[in-house]
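Take a look at the structure set out below.
Counting convention: from 1, in listed order, for ligands and their atoms alike. Position 1 is the first residue of the sequence; numbering continues from there. Here the structure is a predicted model, which means the values were calculated and not measured.
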Amino acid sequence: MARKFDIPVLVTRPYLPPLEEFKRGLEEVWANRWLSNNGPFLKRFLRELSAYLGVCDTNLALFANGTLALELGFQTLGLAGAEVVTTPFTFVATSHALKRIGAKPVFADIDPETFCLSPEAAERAITPRTKAIVPVHVYGHPCDVEGFARLGEKYGVKIIYDAAHAFGVRLGGRSIAECGDMAMFSFHPTKLFHSCEGGLLAFRDASLQERLVRLRNFAITGETSCVDVGTNAKMNELQALMGLECLKAMDAILASRAEVHAAYREAFADCGEVEFPDPACFMPGGEPNYAYCPVLFRDFETRERVYEGLKGTNVFARRYFYPLLTDFAPYEYGKGTCPVAEDVSRRVLTLPTYHGLAVEDVKSIANNVKELL
Ligand code: T4K
């Protein structure tokens, strides 16, 4: 029998640090009377992120959100006017950021196992006008980083990862932040780690930091000079405080998500009709973050029935990422070019996953899904 939850179970719920500790931070903010523009909490947050990721703080920069981080990263790498090969199986922000700086997203298909951009498909889409490839570690599933590194070298193109979902993922004992020329992490509240809103760029070339930091502050360099066309993409002190407090809980957040994922796997073990990509299988030796819990159904009709039916039990799963980007007006020119992505987009459902979701509730959600098959 399906269980109807008393209160809505949403696809995600942000982690919140203990209120008393956050209040202690607020008292410091009040004492400082410094709310934005490279304040002490922002500097502290950057140092702590550097330690957590094992990436030098000269190779990191914080922003107001992930989308602006992407835009400024693309601008700094000179992608305006260029073609950039990317995936249609992502949130609109990835290609919006390209379009908004004047680059042309060219869509290539995804890998059927990881749902990330396929290096083989990306290679076929490269032309003399291609300056970069922007793969997405979708759901926190790592892309084939070695495959993309080879493409970067072979064609002299930049590899910029949209790692919005991938904070906390490690490969070969190192943070995924170290892969590619640049990687962007989103700290939006729907992410496993957040700073209310926020974005982080990690980049190989430390000399980019000066320009990025300038661009996020209008590209002014003092009271009387402006040297470039920048914007306001600064992270404020309250965001940085939230980030610092959440960072303390990263180990607990990752452990709790692994437990939720394992509970879903176990609950669906007897159900051949639900395909369950397990990141542990395609990243041997790696450390996944279980940012999302995507499952695949046999066809579109089944997925839609489950998605709608779950709502009747007060469970609000999401169809990340449906429709495909190439179904949206600004990107329709890519329609029909990525059959694997089209298929996955029509069959996927992301089930509720967050820190503290009880194993009993996971079992009930899985059971509700099975009742709808
Ligand atoms: N690249 C990729 C691959 C991305 O996925 C994203 C963002 C970006 C780039 C851009 O990064 P940011 O600029 O956002 O830093 C959400 C998020 O708004 C978006 O950040 C995220 N990806 C995308 C995948 O999901 P919606 O429209 O689905 O959000 P919404 O408001 O429907 O919230 C989802 C669920 O979370 C709801 O059930 C309610 C719950 N929720 C949400 C918020 C904001 C809460 O419980 N508390 C909250 O504070 O886009």
Legend entry - Protein residue, atom and distance nearest to atom 35 (C) of ligand 1, heavy-atom basis: V11 CG1, 3.8 Å
Legend entry - Check: M242 and P17 side chains under 4.5 Å, non-hydrogen atoms: yes
Inset, instruction - Identify which of R319, R318, K191, R13 has a heavy atom lying nearest to atom 22 (N) of ligand 1. - result: K191
Inset, instruction - Classify the contact between F316 and ligand 1 as side chain, backbone, both or neither, using a heavy-atom distance cut-off of under 4.0 Å. - result: neither
Legend entry - Pair K311-E308, salt bridge (charged side-chain N to carboxylate O under 4.0 Å, His left out): steps then yes or no: CA-CA 5 Å; K311 289 185 193 169; E308 292 299 338; 3.3 Å; yes
Inset, instruction - Return the residue, atom name and 0.1 Å-rounded distance of the protein heavy atom closest to atom 17 (C) of ligand 1. - result: H188 CE1, 3.5 Å
Legend entry - Validation row: R216, N38 side chains within 4.5 angstrom (heavy atoms): yes
Legend entry - atom 25 (O) of ligand 1 touched by protein heavy atom at under 4.0 Å: yes
Inset, instruction - For atom 33 (O) of ligand 1, grab the closest protein heavy atom and report residue, atom and distance to one decimal in Å. - result: T190 CG2, 3.8 Å
Legend entry - Distance-only polar pair, side chains of H188 and T190, donor-acceptor under 3.5 Å: yes
Legend entry - Shortest reach to atom 28 (O) of ligand 1 by a heavy atom, considering only F185, Y320, F91, F63: Y320
Inset, instruction - Spell out, as yes or no, whether a donor-acceptor pair under 3.5 Å connects the side chain of T353 to the backbone of L351. - result: yes
Inset, instruction - Specify side chain, backbone, both or neither for Y292, according to which of its non-hydrogen atoms lie closer than 4.0 Å to ligand 1. - result: side chain
Inset, instruction - Answer with yes or no whether A69 contacts ligand 1, where contact means a heavy atom under 4.0 Å from a ligand atom. - result: no
Inset, instruction - Would you check if the side chain of H355 reaches a backbone N or O of I253 as a donor-acceptor pair within less than 3.5 Å? - result: no
Inset, instruction - Evaluate the side-chain proximity of L49 to L62: yes if any heavy-atom separation is below 4.5 Å, no if none is. - result: yes
Legend entry - Flag side-chain contact, heavy atom, 4.5 Å: L79 against I160: yes
Inset, instruction - Write out the residue and atom name of the closest protein heavy atom to atom 38 (O) of ligand 1, then the distance separating them to 0.1 Å. - result: L10 CB, 3.5 Å
Legend entry - For atom 5 (O) of ligand 1, the protein heavy atom that lies nearest, with its residue and separation: H165 NE2, 2.7 Å
Inset, instruction - Find all atoms of ligand 1 within a distance of less than 4.0 Å from any non-hydrogen atom belonging to G198, and give their numbers and elements. - result: 15 (O)
Inset, instruction - Determine whether the side chains of T127 and E83 contain a donor N or O and an acceptor N or O closer than 3.5 Å. - result: yes
Legend entry - Part of T12 within contact of ligand 1 (heavy atoms, under 4.0 Å): both
Legend entry - Exam field: side chain E342 to backbone G336, donor-acceptor pair closer than 3.5 Å: yes
Inset, instruction - Compute the shortest N/O to N/O distance between T67 and ligand 1 and return yes if it is under 3.5 Å, no if not. - result: yes
Inset, instruction - Specify the protein heavy atom at minimum distance from atom 1 (N) of ligand 1: its residue, its atom name, and the distance to 0.1 Å. - result: D162 OD2, 2.6 Å
Legend entry - T90, L200, L70, V138: member with heavy atom nearest to atom 3 (C) of ligand 1: T90
Inset, instruction - Using only heavy-atom distances, determine whether the side chains of N37 and K234 contain a donor-acceptor pair under 3.5 Å. - result: yes
Inset, instruction - Enumerate the atoms of ligand 1 whose separation from the nearest heavy atom of A164 is less than 4.0 angstrom. - result: 1 (N), 2 (C), 3 (C), 4 (C), 9 (C)
Legend entry - N/O donor-acceptor pair under 3.5 Å between N368 side chain and R3 backbone: yes
Inset, instruction - Within a distance under 4.0 Å of any heavy atom of A93, pick out the atoms of ligand 1 and give their elements. - result: 8 (C), 9 (C), 10 (C)
Inset, instruction - Would you mind finding which of S186, A291, G199 brings a heavy atom closest to atom 11 (O) of ligand 1? - result: S186
Legend entry - Interfacing atoms of ligand 1 (cut-off 4.0 Å, heavy-atom, M184): 9 (C)
Legend entry - D109 vs R124, salt bridge (charged side-chain N to carboxylate O under 4.0 Å, His left out): CA-CA, chis, key distance, verdict: CA-CA 10 Å; D109 215 344; R124 288 193 292 275; over 6 Å; no
Inset, instruction - Using a strict 4.0 Å cut-off to heavy atoms of P189, name the atoms of ligand 1 that fall inside it. - result: 44 (C), 49 (O)
Inset, instruction - Would you check whether P14 has a nitrogen or oxygen atom less than 3.5 angstrom from a nitrogen or oxygen atom of ligand 1? - result: no
